[in-house]
Q: 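Got a structure here, written out as structure tokens. Questions coming.
Letters go in sequence order (proteins before strands), and every chain restarts at 1.
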Amino acid sequence: MAEQANGLRLFNTLQGQVEPFAPLDPDGKRVNMYVCGPTVYDDAHLGHARCYITWDVLYRFLTFLGYDVKYVRNVTDVDDKILNRAKERGETPAELAERNYQSFTEDMAALNVLPPDEEPRATQYIRQMLDGIQVLIAKGAAYATPDGSVYFRVAAKPDYGKLKYATQDTALLKKHLDDLKAGARVEVEEGKESPLDFALWKAVPLEDPNGWESPWPPTQETSKGWGRPGWHMECSAMNHAVFGEQIDIHAGGADLIFPHHENEIAQSEAWTGQQPFSKYWLHNGFVNVSGEKMSKSLGNFSTIKKVLARYDANTIRYFLLTNHYRMPVDFNDEALQAAENWVDKTFGKLKKLNITREELNKVLFKTAAEVKALEQGLNLEDSHFSEFLHLMEVDLNTAQGLAILNRTFTKMQLANAQGDYARAMELFQRVVNMMNVLGFSFESLFEGVSLPAAEIHSLYAELAGHQTNSAEQAPETMLEEIVTMRREAKASKNWAQADAIRKQLTDIGLQILDNKDGTTTVEKDGLEIVRV
RNA sequence: GGCGGCAUAGCCAAGCGGUAAGGCAGGAGCCUGCAACGUUCCCAUCCCUCGUUCAAAUCGAGGUGCCGCCUCCA
């Protein structure tokens, strides 16, 4: 294929195909990106993890490519689910939302997901929603019903359905929408002109504590209206308030394509008269659990906290990145275990390099331009990082990116083993930068280890076979003596004794390794404690 | 009923017209008292059928089998 191999390309749901990415900004620099955030009525689950890790990688990648990204992720804190849950729990919706928002924030941090630049909350934008709705009514794209609700008039937007059906052909869209209406599960709401029309504002009883004053009073009752925003209006209002009339990227889970994002498009474009509301619409695939769709009714709903209790953030990220973000992904123990094995091996080897935080920071690239300058003139075979970038540029092909990462890692190990430290260091730099762009956390490399002093002491006392003042000795010193005792056992070919000591150390979480050069090391979690 | 997606080694999973990435697991060798670590090597012709093409896992048609959306959901 003679396709030009440069530049970021992304799958745009709006066009139904992969297309070159070019921001609206005439300078091509600024990128405004909005991701649909969580409805904070419960703990975040694996679906959220997948979604926000995916867009975290995009955010990191765009930034790395040199774009000036403004990343906004909203928080939906007004919604029927929140109200119902709060009622069950006997707390206010605001308390419930705040608690779950904090929990969500913790989960994201634990997953090493970067915080967005802004996190607007729906309840802070009621005014803007009301303003937008009034504009829509004035333009004939919405109508109030006698109960004081307001609906969007789908008939006023001939290209309604263009996201779901990925076409601008209005005749075709009309046919699709007719089919949709015919097959729709019926839930007729009083006053709607068409079953496709959707709520912008829902009337609630006057002075309901979870309502806001509106300009649409129920006819014949009072002069004051009262209600709550419709399900889709908040995103349109927040985008309008934070970014203005158009944005570059709007992303979220594939389940939001219809009706949520379709309706957002209809509202926003009818409101401002500008289109496209968002130039690129990106969607990540679903999460299944052990082959089944994750859902409450199936009882296989896994929270992030639950999974993090078993697998670390890097494991979850690696697992997700081996799959393409648009494909469905199946969380199951076999796959997670394989990912964990990779993380253990890879980070274990990195840890043996004994790199400090300062040393690591020194070799991390800031921009792709820096890398290009560095790798200029190298062929693709050697310009590992450039190859990595090229693969990532094709709709975020993280699986191929990881393949390059692994190949580079193997080469680094080889150079290291051969004593070519300059080359090893060069490759190390490529490796950690790839990991950095993908959002892996390096924290575990800097964690010290805490030695089980009491256990070491009792083992030492047992082996020494006599009273010692070992309580005053450092655990490291005792370990050295234990190693020496084992060495004596080995020298006299007392293998049983030597193996017993190894077993006892293993039991308290320490690994004893005989090296090729005749030395013996004791490690904990892959980190060398003593070498004798 | 309408619309869409997916089927690649034991498992996970890229590739989407030019002769099968990567990971996990597994096997063999080196190293080793054993083990671990390290390292080298091995491990698929892409659900079926018929087409298009010099060339198909990749395109078309028809099967079969999974799955999703159309209702709140990331």
Q: Which residues, if any, of residues 164-175 of chain A bring a heavy atom under 4.0 Å of RNA chain B?
A: none
Q: Give one of base, sugar-phosphate or nothing for A:Leu256, where a contact means two heavy atoms less than 4.0 Å apart.
A: sugar-phosphate
Q: Does A:Asp248 reach the main-chain N or O of A:Met33 with its side chain, forming a donor-acceptor pair under 3.5 Å?
A: no
Q: Whole-Å distance between B:G4 P and A:Lys162 NZ?
A: 19 Å
Q: Could you tell me whether the phosphate oxygens of B:A35, OP1 or OP2, come under 4.0 Å of any side-chain nitrogen or oxygen in A:Lys503?
A: no
Q: Have a look at A:Gly348 and say if it touches a base, only the backbone sugar-phosphate, or nothing, with a 4.0 Å heavy-atom cut-off.
A: nothing
Q: Write down the distance separating the P atoms in B:A9 and B:A14, rounded off to the nearest Å.
A: 13 Å
Q: Find the distance A:Gln511:CD to B:G38:C1' and express it as a whole number of Å.
A: 16 Å
Q: Could you identify the nucleotide paired to B:A20, looking across every strand shown and requiring Watson-Crick or G-U wobble geometry with both distances under 3.5 Å?
A: none
Q: Would you classify A:Thr521 as touching base, sugar-phosphate or nothing, given that sugar-phosphate means primed atoms plus P, OP1 and OP2, and contacts are heavy atoms under 4.0 Å?
A: nothing
Q: Just how far, in rounded Å, is P of B:C67 from CZ of A:Phe331?
A: 20 Å
Q: From the list B:A21, B:G68, B:A74, which nucleotide is the closest neighbour of the side chain of A:Arg407?
A: B:A21
Q: Got a sec, which residues hit ring-ring contact (aromatic ring centres under 6.0 Å, His included) with A:Phe385, two or more places apart in sequence or on another chain?
A: A:Phe64, A:Phe365, A:Phe388
Q: Should the pair A:His261 and A:His283 be assigned to parallel (<30°), tilted (30 to 60°) or perpendicular (>60°) ring geometry?
A: tilted
Q: Measuring from the side chain of A:Lys345 (C-beta onward, heavy atoms only), which nucleotide among B:G23, B:A25, B:A74 has the closest atom?
A: B:A25
Q: Provide, to the nearest angstrom, the distance between the CD1 atom belonging to A:Ile257 and the C1' atom belonging to B:U71.
A: 16 Å
Q: With respect to the side chain of A:Asn341, which nucleotide from B:A25, B:G22, B:A36 is positioned closest?
A: B:A25
Q: I want to verify a distance call: between B:C37, B:G23, B:A25, whose nearest atom is closest to the A:Lys352 side chain?
A: B:C37
Q: Tell me the partner of B:A44, counting only Watson-Crick (N1-N3 plus N6-O4 or O6-N4) or G-U wobble (N1-O2 and O6-N3) with both under 3.5 Å; none if nothing fits.
A: none
Q: Please identify each residue that fulfils side chain to side chain donor-acceptor pair (under 3.5 Å) with A:Tyr101, with sequence neighbours left out.
A: A:Glu119
Q: Which residues pass the side chain to side chain donor-acceptor pair (under 3.5 Å) test with A:Lys490, not counting sequence neighbours?
A: A:Asp514
Q: Below 4.0 angstrom from OP1 or OP2 of B:A13, is there any side-chain N or O of A:Asn323?
A: yes
Q: When the ring planes of A:Trp55 and A:Tyr325 are compared, do they come out parallel, tilted or perpendicular, using 30° and 60° as the limits?
A: perpendicular
Q: Reckon A:Asp255 touches a base, only the sugar-phosphate, or nothing at all at heavy-atom distances under 4.0 Å?
A: base
Q: Counting only Watson-Crick or G-U wobble pairs whose two distances fall under 3.5 Å, which nucleotide matches B:U39?
A: B:G29
Q: To the nearest 0.5 Å, what is the distance between CG on A:Leu173 and NZ on A:Lys162?
A: 9.5 Å
Q: Over 60° means perpendicular and under 30° means parallel, so classify the ring planes of A:His48 and A:His45, tilted if in between.
A: tilted
Q: Would the distance check show the side chain of A:Asp77 and the main-chain N or O of A:Thr123 forming a donor-acceptor pair, the cut-off being under 3.5 Å?
A: yes
Q: Does the plane of the ring in A:Tyr318 sit parallel, tilted or perpendicular to the ring in A:Phe440? Use 30° and 60° as the thresholds.
A: tilted
Q: Distances under 3.5 Å between protein N/O atoms and the N/O atoms of nucleotides 31-34 of chain B, please, pair by pair.
A:
unit_1 : atom_1 : unit_2   : atom_2 : d
B:G33  : O6     : A:Arg486 : NH2    : 3.3
B:G33  : N1     : A:Asp499 : OD1    : 2.9
B:G33  : N2     : A:Asp499 : OD2    : 2.8
B:C34  : O2     : A:Arg502 : NH2    : 2.4
B:C34  : N3     : A:Arg502 : NH1    : 3.0
B:C34  : N3     : A:Arg502 : NH2    : 3.1
B:C34  : N4     : A:Asp514 : OD2    : 2.9

Q: Specify the residues of residues 47-54 of chain A, ordered by number, for which at least one heavy atom lies under 4.0 angstrom from an atom of RNA chain B.
A: A:Gly47, A:His48, A:Cys51, A:Tyr52
Q: Taking CE from A:Met327 and P from B:C66, how many angstroms apart are they, rounded to a whole number?
A: 19 Å
Q: Relative to the 5' end of RNA chain B, which residue comes earlier, A:Ala403 or A:Asp79, by the nucleotide with the nearest heavy atom?
A: A:Ala403
Q: Choose from B:A14, B:G23, B:A74 the nucleotide whose nearest atom is closest to any side-chain atom of A:Ala399.
A: B:A14
Q: Each nucleotide N or O in nucleotides 39-41 of chain B that has a protein N or O under 3.5 Å away: list the pair and distance.
A:
unit_1 : atom_1 : unit_2   : atom_2 : d
B:U39  : OP1    : A:Gln413 : NE2    : 3.4

Q: Name the residue from A:Ile249, A:Thr13, A:Ile257, A:Leu10 that meets the side chain to side chain contact (heavy atoms under 4.5 Å, CB included) definition with A:Trp281.
A: A:Thr13
Q: Checking A:Phe61 now: which residues fulfil ring-ring contact (aromatic ring centres under 6.0 Å, His included) with it, not counting sequence neighbours?
A: none
Q: Strictly by Watson-Crick or wobble contacts shorter than 3.5 Å, is anything paired with B:U52, and which nucleotide is it?
A: none
Q: Whole angstroms only, please: what is the CD-P distance between A:Glu340 and B:C12?
A: 18 Å
Q: For A:Phe331, what residues pass the ring-ring contact (aromatic ring centres under 6.0 Å, His included) criterion, not counting sequence neighbours?
A: A:Phe319
Q: Which residue, A:Thr322 or A:Val287, contacts RNA chain B at a nucleotide closer to its 5' end, judged by nearest heavy atom?
A: A:Thr322
Q: Side chain of A:Tyr318 only, please: which of B:G23, B:A74, B:A25 is the nearest?
A: B:G23
Q: Apply ring-ring contact (aromatic ring centres under 6.0 Å, His included) to A:Phe347 and list each qualifying residue two or more places apart in sequence or on a separate chain.
A: none
Q: For A:Asp169, enumerate each residue passing the salt bridge (Lys or Arg N to Asp or Glu O under 4.0 Å) test, keeping only those at least two apart in sequence or located in another chain.
A: none
Q: From the options B:G15, B:C11, B:C70, select the nucleotide whose nearest atom is closest to the side chain of A:Gln400.
A: B:G15
Q: For A:Glu393 and B:G15, give me the distance from atom CD to atom P, rounded to whole Å.
A: 15 Å
Q: Do any side-chain nitrogens or oxygens of A:Asn288 fall under 4.0 Å of OP1 or OP2 in B:C67?
A: no
Q: May I ask you to say what A:His260 touches in the nucleic acid, namely base, sugar-phosphate or nothing, with a heavy-atom cut-off under 4.0 Å?
A: nothing
Q: Give me the distance, rounded to whole Å, that separates B:G17 from B:U52 when you measure between the C1' atoms they each carry.
A: 11 Å
Q: Does the structure place the NZ or CZ of A:Arg73 under 6.0 Å from the centre of the six-membered ring of A:Tyr52, at an angle of no more than 45° from the ring's axis?
A: yes
Q: Whole Å only: how far is the CG atom of A:Asn74 from the P atom of B:C73?
A: 12 Å
Q: Sequence neighbours left out, what passes side chain to side chain donor-acceptor pair (under 3.5 Å) with A:Thr167? Give chain and number order.
A: none
Q: Using Watson-Crick or G-U wobble geometry with both distances below 3.5 Å, tell me the partner of B:U64, or none.
A: B:A7
